[in-house]
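Quick note on labels: first sequence line is chain A, next is B, and so on, each numbered from 1. Values below: every heavy atom of this structure, side chains too, minus hydrogens, waters and symmetry copies. Computed from a predicted structure; not experimentally measured.
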Amino acid sequence: MNKPPDSIIQARGLRKVYNTGKVQVEALRGVDLDVPRGEFISIVGPSGSGKSTLFHIVGGLTPPTAGEVIVAGRNVSTVGERGRTELRSSSVSFVFQKFNLLPNLTARDNIRTALYISGKEPDQFDPELLSLLDLLGIAGRLDHKPSEMSGGEQQRVAIARALATRPAILLADEPTGNLDSRNSLAVLNILKDLNERLGQTILMITHNTEAAAFGHRTLHMRDGRIAETSH
Amino acid sequence: MIFTLVWENVRFKPVRTLLSVLLIAVPVTLILTLIGLSRGFLDDSARRSQGVGADIVFRAPGTSVMTFSGAALPEKLTEVLTQTAHVTQATGVVNQPIGGFDSVTGIDPAGFTRMSGGFIFREGRIFEKPDEVVVDQFYADQRHLHAGSVTRILNRDWHVSGIVEPGKLAHLFVDVRNLQDLVGATGKLSQIYLKLDDPSNTPQVIQALQAKFDGYAIYSMKELVSLISVNNIPLLAGFINAVVGIGVIIGFAVVSLSMYMAVLQRTREIGILKSLGATNGFVMGIIVSEAAALGFGGTIAGILLSFVTRWTMLHIAPASLPQAVVPSWWPIAGLIAMGGALLGSVYPGLMAVRQDPIEALAYE
């Protein structure tokens, strides 16, 4: 596969078939995608359109059934489980709709866990991470557990945890889905700011067209394919 | 970091943690109590044997260290033995089991006093009538007896004539002739204790006696005490092994169930860890470390509970069930509990490792 210069994600003919009992569900039916480094892409589409599946494959949570996808220099189609685990620990990070913080741990320990897993020093936050925590407005909330924080705060901790390992790609799955409009706007602005200031590559799934407008371009998915791209 | 994760996990569900620890503690306590009772019983026997003050014990053929074949020695043998070179005193006793771990011992008060230096009475005096018994302080505490109390032994009532300091031969003493008649062993003895002019002559005297009394069980008191061990009590070592096996099984079952439930409850958290790039080894490490923490907690709790059982035994049956503290068995009991716990964590750990991260993240 010829890789365009500085393309951090490149997919060709990506297919994914799930076997649910005796029924085969074709979630992706040949997706081609190029994402240059530093781009902020929004992915929209109805339920079952394949956007989450694309997200999971790019994030190394599952391999494709067919086709090829190269993420941050790794061919996710061929690297196997160990390679996908390495991809998750070193190159991609997730932000989920339900925040997915470890409930037993404080915000600080959630971030430390991500650092530890990625092989970085977990006990001392470097200046960049400290300034990120300031930017996110959670520097004073690090010793609280998720149950002691608002949804907006939890999502900002999730963003901090995701970016603490300096991933090449941030995958955000409906990051504002569980937030009120004020917190949604705050999180979207943070993502846009991170993209503009740090050049962070971001893929964001959303149902919200206003949220999608924060990206450089929007991929419209339908029936397992990218049906349209808008800028 | 794993320590933080494990610590927060065990803290997060305190009731589950506490129950698991207590259940793992059960076999640890069981093992330590059994070992403590065995050791305590044997130490008590050894101490009481040494308290006789003899140098040699003479028993009938076919008797083992911890069992007696009733009263099988002819009483007149005492006189014969007294005439052996270097033997200065000989006194015979009769042992009669009275149920459980207890037995009553018939002694000749004059001979026994000469050999042992005599009892130290805390209450009352030596028996003088056929229905009188002397008991030691342990037995008196166990049965709430005082001088003048009546206690039932061998299906008849006895008056406690005195209470003595423990540590000499037995817990209950009656007149040897009286006991011989009661158990139908008139003129017979269970064993004869010999005192020598000089303890250094013991090997020489034993050799001479063995030459003269072929097949008889003749031990120096030092040898007898050294032979009072778990391995010389029929079936005890096997029983201990069975309890150890039960300990491993309980530890395995408790931790397996507990960690299985924990893995189910934490399906989403395992998905989160995997989404962060946690390796299978990391996930397995958390489960195994948590099991080890439960095993360690169970060991500590089990050791503490063994002191509770000891305290209980000391207050309920200090004579029949003396429980020793055996620190050398703490690490062994701990290893047994940890072994069971670690074995029990393998399946839940594998279950966690095999979880699909996407399904785990979608788990409600």
Side-chain angles (χ1 to χ4, degrees), chain A residues 16 18 20 27 52-53 55-57 59-63 74 80-106 108-123 145-147 158 161-165 167 171 173, chain B residues 1-18 20 258-259 261-291 293-294 349-364:
Chain A
K16 181 70 180 180
Y18 288 111
T20 53
S52 289
T53 302
F55 190 85
H56 291 150
I57 291 173
L61 290 173
T62 189
R74 277 191 175 80
E81 194 191 330
R82 184 172 291 182
R84 291 198 306 277
T85 300
E86 280 176 17
L87 177 76
R88 295 197 296 272
S89 69
S90 63
S91 302
V92 298
S93 285
F94 298 88
V95 173
F96 298 97
Q97 179 179 353
K98 291 180 179 171
F99 321 134
N100 279 346
L101 297 175
L102 292 161
N104 309 352
L105 303 184
T106 60
R108 187 189 305 279
D109 283 339
N110 264 279
I111 295 168
R112 287 178 65 224
T113 302
L115 287 169
Y116 180 83
I117 288 172
S118 69
K120 295 185 166 64
E121 169 55 53
D123 292 325
K145 290 191 174 178
S147 58
R161 183 181 69 181
L163 295 178
T165 59
L171 300 170
D173 186 357
Chain B
M1 195 66 238
I2 285 187
F3 174 80
T4 304
L5 284 162
V6 169
W7 173 242
E8 293 300 335
N9 281 344
V10 296
R11 257 176 22 128
F12 194 61
K13 295 278 182 189
V15 175
R16 181 186 73 87
T17 301
L18 190 67
S20 302
S258 174
M259 295 310 297
M261 293 303 295
V263 167
L264 283 184
Q265 283 172 344
R266 292 195 211 128
T267 298
R268 192 183 185 88
E269 289 161 57
I270 291 162
I272 294 168
L273 288 171
K274 289 196 164 190
S275 77
L276 293 173
T279 60
N280 290 343
F282 183 85
V283 174
M284 187 64 144
I286 291 172
I287 304 294
V288 171
S289 301
E290 196 170 326
L294 293 176
L350 288 174
M351 208 171 78
V353 161
R354 287 175 187 155
Q355 272 177 4
D356 179 79
I358 297 172
E359 287 176 14
L361 285 166
Y363 188 82
E364 296 291 343

Do [X] and [Y] come within less than 4.5 Å of each other through their side chains, counting heavy atoms only?
X	Y	result
B:L273	A:T113	yes
A:R161	B:L276	yes
B:L361	A:H56	no

Exercise for the section: Indicate yes or no for a side-chain donor-acceptor contact from A:R112 to the backbone of B:M1 under 3.5 Å, with no hydrogens or angles considered. Expected result: no

Practice task
For A:I117 and B:A278, work out which heavy atoms get closest and say how close.
Solution key: CG2-N, 3.5 Å

Exercise for the section: Compare every heavy atom of B:S275 with every heavy atom of A:F96, then report the nearest pair and how far apart it is. Expected result: CE1-OG, 3.9 Å

Exercise for the section: Measure A:T85 against the heavy atoms of chain B and call it side chain, backbone, both or neither at under 4.5 Å. Expected result: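 Answer is both: backbone and side chain atoms of A:T85 are under 4.5 Å from chain B.
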
Practice task
Could you tell me which portion of A:E81 (side chain, backbone, both or neither) has an atom closer than 4.5 angstrom to a non-hydrogen atom of chain B?
Solution key: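 For A:E81, the contact with chain B is made by the side chain alone.
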
Practice task
Quickly, which of A:L101, A:L102, A:L105 forms a side chain to side chain contact (heavy atoms under 4.5 Å, CB included) with B:E269? Name it, please.
Solution key: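 It is A:L102, the one option of A:L101, A:L102, A:L105 that forms the side chain to side chain contact (heavy atoms under 4.5 Å, CB included) with B:E269.
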
Exercise for the section: Look at A:A114, A:P103, A:P167 and state which one has the largest set of heavy-atom pairs under 4.5 Å with chain B. Expected result: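 Most pairs with chain B among the choices: A:P103.
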
Exercise for the section: Give, for atom CD1 of B:I358 and atom OG1 of A:T62, the distance between the pair rounded to the nearest 0.5 Å. Expected result: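 If we round to the nearest 0.5 Å, B:I358:CD1 and A:T62:OG1 are 4.5 Å apart.
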
Handout entry: Spatial distance of atom CG (B:L5) from atom CG (A:D109) [nearest 0.5 Å]
Key =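 Rounded to the nearest 0.5 Å, the CG-CG separation comes out at 8.0 Å.
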
